[in-house]
Amino acid sequence: MDDPDRKAIEPLLGRVDSEAASEVFDDNGTRLGPGYGTLAGLEGYVLPDSRKIGVTGAVFLILNKMIGTGIFSTPSSIFASTGSVGISLLLWAVAGLLTLSGLSVYLEFGLAIPRSGGEKNYLERVFRDPKYLSTSVFAVQMILLGFSAGNSLAFGRYVLLAVGHPLPDGWPARSIAILCITFVVTLHATLPQWGLRLTNALGVFKVLVLLVIVFSGFAALAGHRLVPDPHNFDNMWAIEKGDGYGGGGAYAFATALLQVVYSYKGWENANYVLGELKNPQRTLSIAAPIAVVGVTILYVLANVAYFAAIPKADLAKSEVIVAGLFFRNVFGESAAARSLPTFVALSNIGNVLAVSFAHSRVNQELAKEGILPYSPFWASNKPFNAPAASLFLHWIVTVIVLVAPPPGPAYNFIVNLYTYPGAWINAFVAGGLIYLQYNKSENWKSPWHTYLLVTVVYLLLNAFLAITPFIPPNSDWNADGYPYYAFPLVGCGILFLGVVYWILWTKVWPRWGGYVVVTERSVDDYGVEVVRYRNVPIQKAAAVLED
């Protein structure tokens, strides 16, 4: 069809969208059964209640993603940046409150749109023009950056450290990391219930480890430690400059808050799998606040414990082994050497289990809607009624990230890149909620209401996280082996790739193929809305409009 005909029909495509059949048929005219959605030839997506996740499972799904290696290592750099015990503790508490502000925003969206996919659904609800743009940007960002490489590699390193390997890095660690992600993906794909059980068990273990640290900290405060009293709580609000800490100025404080906020990342994990929760609205509204409040309390008390047993100079220079230094000062060298690497390794694999479970569901949602090339394959639940193909996609990206970069700064660059674009996504989600709440024509309703001040705080936080990495540091601009602005610049480039994909998917390829992309919405027998983006030949679309 020539360009004039295309221009004539495209303004009318909204009618095709709105009139898409409430009953969905395959290419042979056969009505698809319950739960089939719009992908002909695929088995049902609706899980039996026995396979769905309850409140306890949802709590540990969130806990396992939030509690990784951060709390066992980040407190060192936070204190080194601030030079103040009181301010360090305050930053951990403030970050918890900021996380709760984000949780409130996501609860309002999640309870109003109880479907798997997380931010994808929220962006689509708000940013409908240009059509499909928000979907494309989110899809590219999630596929390319939704990997589990960081904690898989950390698992490999700590396993080597636990067995006394002299060089816990390089290819031995990467090989173990590949085995880790392969085990996790295989478990989730073939024995999904056991994958969730192991996730829950490791979540319990993480909480127990943090409780051991917290109560050991109370004992240290009472004098039960193997080192002299560090007196860290004397004049705790003073901002000092000492051996390895303090003196960084405003940039150091901003960076410290950035690191603490990233240590809380993972609180939105249950929003990605709402379709697999029992009574999703009730489960999410109970599980998410419990998880976030619980982690905040544990994080603050764990930092109190560290300060109770580690002198300031030692804490500032301990880097990633701050928890190991704590165990040594409280229990002795042998106990720390034996226990900590194993504890952290198990914490890492718990994070990999939680991330791979949630991100594979997002990949599957993208495929079920026809956004990805070869969508029917990636959307499949065969052969064990689990998203094996989407898990495989997650495995592919993770292994590439593990294998491709050379050791050192290049790998650290990619791990930093993992979190950065999410700040832009979250900022648009928060801004979108403000728009929905105050634009009456949107008719926005949700069982949960987020107050404007809370949403604005979350919006400003993410704007801060998105802009801060572009601010030049006081130290060497290439201290990490690459310019300070490299990973935020590439992160923005990844988002721009989403725009490129949108142009190809909705403009270039349809023009070459003689079709238009149409949104088809339907409701299955379970009352769940199903969305699919179909490629409809222009002649067929014109016939529908003429009828």
Can you name the closest pair of heavy atoms from [X] and [Y] and give their distance?
{"X": "Ile176", "Y": "Gly156", "value": "CG2-CA, 3.6 Å"}
{"X": "Thr186", "Y": "Thr190", "value": "O-OG1, 2.6 Å"}
{"X": "Gly491", "Y": "Tyr420", "value": "CA-CD2, 4.0 Å"}
{"X": "Asn64", "Y": "Gly203", "value": "ND2-N, 3.4 Å"}
{"X": "Ser446", "Y": "Leu107", "value": "OG-O, 4.4 Å"}
{"X": "Thr398", "Y": "Ser148", "value": "OG1-N, 3.0 Å"}

Are [X] and [Y] close enough that some pair of their side-chain heavy atoms sits under 4.5 Å apart?
{"X": "Val403", "Y": "Arg174", "result": "no"}
{"X": "Tyr458", "Y": "Leu433", "result": "no"}
{"X": "Ser152", "Y": "Phe147", "result": "no"}
{"X": "Asn363", "Y": "Trp378", "result": "no"}
{"X": "Asn348", "Y": "Val352", "result": "no"}
{"X": "Val261", "Y": "Phe464", "result": "no"}
{"X": "Val355", "Y": "Asn151", "result": "no"}
{"X": "Trp502", "Y": "Lys507", "result": "yes"}

How long is the gap from [atom1] on [X] to [atom2] on [Y], to the nearest 0.5 Å?
{"X": "Leu198", "Y": "Leu353", "atom1": "CG", "atom2": "CG", "result": "5.0 Å"}
{"X": "Phe384", "Y": "Leu191", "atom1": "CZ", "atom2": "CG", "result": "7.5 Å"}
{"X": "Leu372", "Y": "Gln364", "atom1": "CG", "atom2": "CD", "result": "11.0 Å"}
{"X": "Leu196", "Y": "Ile53", "atom1": "CG", "atom2": "CD1", "result": "5.0 Å"}
{"X": "Ile67", "Y": "Asn351", "atom1": "CD1", "atom2": "CG", "result": "10.0 Å"}
{"X": "Leu133", "Y": "Phe138", "atom1": "CG", "atom2": "CZ", "result": "14.0 Å"}

- Query: Do the ring planes of Tyr132 and Trp505 sit parallel (below 30°), tilted (30 to 60°) or perpendicular (above 60°)?
  - Reply: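 Geometry flag for Trp505 against Tyr132: tilted rings.
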
- Phe392 vs Trp395 aromatic rings, parallel, tilted or perpendicular, using cut-offs 30° and 60°?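 The arrangement is parallel - the two ring planes meet at less than 30°.
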
Within the distance-only criterion (no hydrogens, no angle test), does the side chain of [X] pair as donor or acceptor with the backbone N or O of [Y] below 3.5 angstrom?
{"X": "Ser285", "Y": "Arg282", "answer": "yes"}
{"X": "Arg157", "Y": "Ala173", "answer": "no"}
{"X": "Asn426", "Y": "Gly422", "answer": "yes"}
{"X": "Thr283", "Y": "Lys278", "answer": "yes"}
{"X": "Ser263", "Y": "Gln259", "answer": "yes"}
{"X": "Gln281", "Y": "Leu111", "answer": "yes"}
{"X": "Asn200", "Y": "Phe60", "answer": "no"}

- Message: Please evaluate residues His394 and Ile181 with respect to the criterion side-chain contact (heavy atoms from CB on, under 4.5 Å), reporting the C-alpha separation (whole Å), side-chain torsions for both, the decisive distance (0.1 Å), and the verdict.
- Response: CA-CA 9 Å; His394 181 76; Ile181 186 62; 4.1 Å; yes

- Message: Set out, in order, the CA-CA distance, both residues' side-chain angles and the distance that settles side-chain contact (heavy atoms from CB on, under 4.5 Å) for Leu497 and Leu144, then state yes or no.
- Response: CA-CA 10 Å; Leu497 275 180; Leu144 295 183; 4.1 Å; yes

- Query: Can Glu365 and Lys120 be counted as an ion pair, charged N to O under 4.0 angstrom?
  - Reply: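 The answer is no: the pair does not qualify as a salt bridge.
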
- Task: Applying side chain to side chain contact (heavy atoms under 4.5 Å, CB included) between Ser101 and each of Thr450, Thr455, Val457, report the one that passes.
- Result: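 Passing option: Val457.
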
Within a reach of under 6.0 Å around [atom1] of [X], are more than 12 heavy atoms found that belong to other residues, nucleotides or ligands?
{"X": "Trp509", "atom1": "CH2", "answer": "yes"}
{"X": "Phe496", "atom1": "CZ", "answer": "no"}
{"X": "Phe428", "atom1": "CZ", "answer": "no"}
{"X": "Arg128", "atom1": "CZ", "answer": "yes"}

- Would you please indicate if the ring centroids of Tyr106 and Trp448 are separated by under 6.0 Å?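 No, too far apart.
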
- Task: Scan Phe183, Trp194, Phe357 and name whichever one has a ring-ring contact (aromatic ring centres under 6.0 Å, His included) with His188.
- Result: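 Running ring-ring contact (aromatic ring centres under 6.0 Å, His included) over Phe183, Trp194, Phe357 with His188 returns exactly one hit, Phe357.
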
- Could you please spell out the steps behind the side-chain contact (heavy atoms from CB on, under 4.5 Å) verdict for Leu98 and Tyr264? CA-CA 10 Å; Leu98 293 174; Tyr264 280 87; over 6 Å; no

- Report the C-alpha separation of Phe109 and Asn121 in whole Å, then their side-chain angles, then the decisive distance to 0.1 Å, and conclude whether the side-chain contact (heavy atoms from CB on, under 4.5 Å) test is met. CA-CA 9 Å; Phe109 270 115; Asn121 302 317; over 6 Å; no

